[in-house]
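Structure, as structure tokens:
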Amino acid sequence: MELSILLMEQIAKLFLMIFMGYAVVKLGLLTDEDSKVLSTLVLYLIVPSVILNAFQVDYTQEKVNGLKLAGIASLLLLIILLLIVNLIGKLLNLNEVEIMSIYYSNSGNLIVPIVTFMLGEKWVFYACVFMGLQTIFFWTHCKNVLSHEKGFNPKKIFSNINIITIIIAITLFFAKIRLPEIITGTLDSVGAMIGPASMFVTGMLIGGMELKKILTDKRTYFISFMRLITIPLIALLILRADECV
């Protein structure tokens with residue numbers, strides 16, 4: 001019960017930050033276009049700082065086993081959910097964009113901020129595994145479905161800043177290389193901005209949208225319900241079933 005209350009408080013804080021970003025746009029202090037600068041800082045400086053710092057921990061067999069488990073669980077989850085979402089798409093006659101919107105979450109921009117803010121930086125260590133695998137799926141499967149092209153471009157995958165950072169972080173971890181305190185301290189300070197900065201960007205983007213048009217579109221509610229409620233519940237059931245086995 002105490003944990004649930006704590007999570008609700010953290011979620012409430014995130015929504016308040018989103019509202020702050022929304023407010024500065026609606027008050028005319030900034031425009032939604034201004035969010036691009038902050039978004040760039042989050043993507044190329046703040047998120048990489050959090051990822052690198054999360055892997056600056058002591059090398060232990062427990063952590064290695066945790067990474068392996070996270071990798072296997074993430075891969076199985078992505079494959080099983082892909083089959084389920086495709087089946088739902090066929091049964092409900094959804095188009096390709098709707099199916100991809102339901103299946104793919106915005107893990108690249110939001111998973112690290114949310115995990116860091118709500119669960120703590122140590123959980124980023126494991127969350128990066130899912131983010132890395134989903135990024136690979138995104139630039140192969142999702143790209144091919146939406147563009148109707150075959151094959152994939154490895155450059156698109158390995159030039160992604162999140163993938164680059166994860167590879168560097170994992171290499172440092174397995175090589176047991178610890179960065180100097182002045183560097184980890186800087187990364188920690190920069191990474192501390194991840195929650196507010198990411199939520200401000202979200203709020204500013206919402207501030208530039210035609211909310212009336214979005215809120216009156218019934219299809220938006222359906223896709224949102226599938227993405228935010230149905231798929232997470234299915235994923236949770238799959239993980240719980242795997243635990244029982």
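All values below were derived from every heavy atom in this structure, side-chain atoms included, with hydrogens, water molecules and symmetry-related copies excluded. FYI, the numbering just counts along the sequence from 1.
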Item checked: Heavy-atom closest contact (Gly21 atom, Val24 atom, distance) -> O-CG2, 3.0 Å

Next item on the list: Give the intermediate values and the outcome of side chain to side chain contact (heavy atoms under 4.5 Å, CB included) for residues Asn95 and Glu98.
Entry: CA-CA 5 Å; Asn95 61 45; Glu98 291 172 333; 3.2 Å; yes

Note to self: Test your reading of the model: is there a side-chain donor-acceptor pair from Asp34 to the backbone of Leu30, 3.5 Å cut-off?
What the structure shows: no

Check: Atom CD1 of Ile170 and atom SG of Cys128: how far apart are they, to the nearest 0.5 Å?
Finding: 7.5 Å

Next item on the list: Taking the side chain as every heavy atom from C-beta outward, state whether Leu67 and Phe173 have any pair of such atoms under 4.5 Å apart.
Entry: yes

Notebook entry, point to check: When you look at CD of Gln61, are more than 12 heavy atoms from neighbouring residues, nucleotides or ligands closer to it than 6.0 Å?
Noted result: yes

Notebook entry, point to check: Are side-chain heavy atoms of Ile231 and Tyr103 found at a separation under 4.5 Å?
Noted result: no

Checklist line | Side chain proximity check, Thr202 to Tyr22, heavy atoms < 4.5 angstrom | finding: no

Notebook entry, point to check: Is there a donor-acceptor pair under 3.5 Å between the side chain of Ser74 and the backbone N or O of Gly71?
Noted result: no

Next item on the list: Indicate yes or no: at least one non-hydrogen side-chain atom of Val25 is less than 4.5 angstrom from one of Thr31.
Entry: no

All N/O donor-acceptor pairs, side-chain side in residues 42-55, below 3.5 Å, sequence neighbours left out:
residue : atom : partner : partner atom : Å
Ser49   : OG   : Leu45   : O            : 2.7

Note to self: Restricting to non-hydrogen atoms, name the atom on Pro196 and the atom on Ala192 that form the minimum distance, rounded to 0.1 Å.
What the structure shows: CD-O, 4.2 Å

Notebook entry, point to check: Do His141 and Met100 touch side chain to side chain, with heavy atoms closer than 4.5 Å?
Noted result: yes

Checklist line | Atom of Ser101, atom of Ile223 and distance for their closest heavy-atom approach | finding: CB-CG2, 4.1 Å

Next item on the list: Would you please test Asn160 and Trp139 for side chain to side chain contact (heavy atoms under 4.5 Å, CB included) and show each step?
Entry: CA-CA 10 Å; Asn160 181 282; Trp139 285 109; 4.0 Å; yes

Margin query: Between Leu94 and Phe222, is there a side-chain heavy-atom distance shorter than 4.5 Å?
Written below: yes

Margin query: Among residues at least two apart in sequence or on other chains, which ones pass salt bridge (charged side-chain N to carboxylate O under 4.0 Å, His left out) with Glu96?
Written below: none

Margin query: Would you say CZ of Phe174 has more than 12 non-hydrogen atoms from neighbouring residues, nucleotides or ligands within 6.0 angstrom?
Written below: yes

Notebook entry, point to check: Hey, what do you get for CD1 (Ile72) to CG (Leu77), rounding to the nearest 0.5 Å?
Noted result: 13.5 Å

Checklist line | Leu179 backbone acceptor or donor facing Gln56 side chain under 3.5 Å | finding: yes

Checklist line | Phe137/Tyr104 aromatic ring centres below 6.0 Å | finding: no

Checklist line | Euclidean distance, Ile161 CD1 relative to Thr40 OG1, rounded to 0.5 Å | finding: 11.5 Å

Notebook entry, point to check: So, for Ala235 and Leu81, which heavy atoms are closest and what is the spacing to 0.1 Å?
Noted result: CB-CD1, 4.1 Å

Checklist line | Check: Gln134 side chain, Met131 main-chain N or O, donor-acceptor pair, under 3.5 Å | finding: no

Notebook entry, point to check: When rounded to the nearest 0.5 angstrom, what distance separates CE in Met204 from CD in Glu33?
Noted result: 9.5 Å

Note to self: Counting only heavy atoms from other residues, nucleotides and ligands, does the tally under 6.0 Å from CD1 of Ile182 exceed 12?
What the structure shows: no

Margin query: Quick check against the 3.5 Å criterion: does Asn86 have a side-chain atom that pairs as donor or acceptor with the backbone of Leu82?
Written below: yes

Item checked: same_hphob_cluster(Val37, Ile194) at 4.5 Å side-chain heavy-atom cutoff -> no

Item checked: Student check: side-chain heavy atoms of Met193 and Val190 closer than 4.5 Å -> yes

Item checked: Rounded distance [0.5 Å steps], CG in Leu237 versus CD1 in Ile80 -> 11.5 Å

Notebook entry, point to check: Can you check whether Ile88 reaches Ile84 side chain to side chain, under 4.5 Å on heavy atoms?
Noted result: yes

Next item on the list: Considering non-hydrogen atoms only, spot the tightest contact between Met226 and Pro232 and give its length.
Entry: O-CD, 4.2 Å

Checklist line | Side-chain donor or acceptor of Ser35 paired with backbone N/O of Asp32 under 3.5 Å | finding: yes

Check: Linking I/L/V/M/F/W/Y whenever any side-chain heavy atoms sit under 4.5 Å apart, do Ile168 and Val129 land together?
Finding: no

Notebook entry, point to check: From Leu205 CG over to Ser39 OG, what is the distance, rounded to the nearest 0.5 angstrom?
Noted result: 7.0 Å

Check: Got a salt bridge between Asp58 and Arg178, using NZ or NE/NH1/NH2 to carboxylate O under 4.0 Å?
Finding: yes

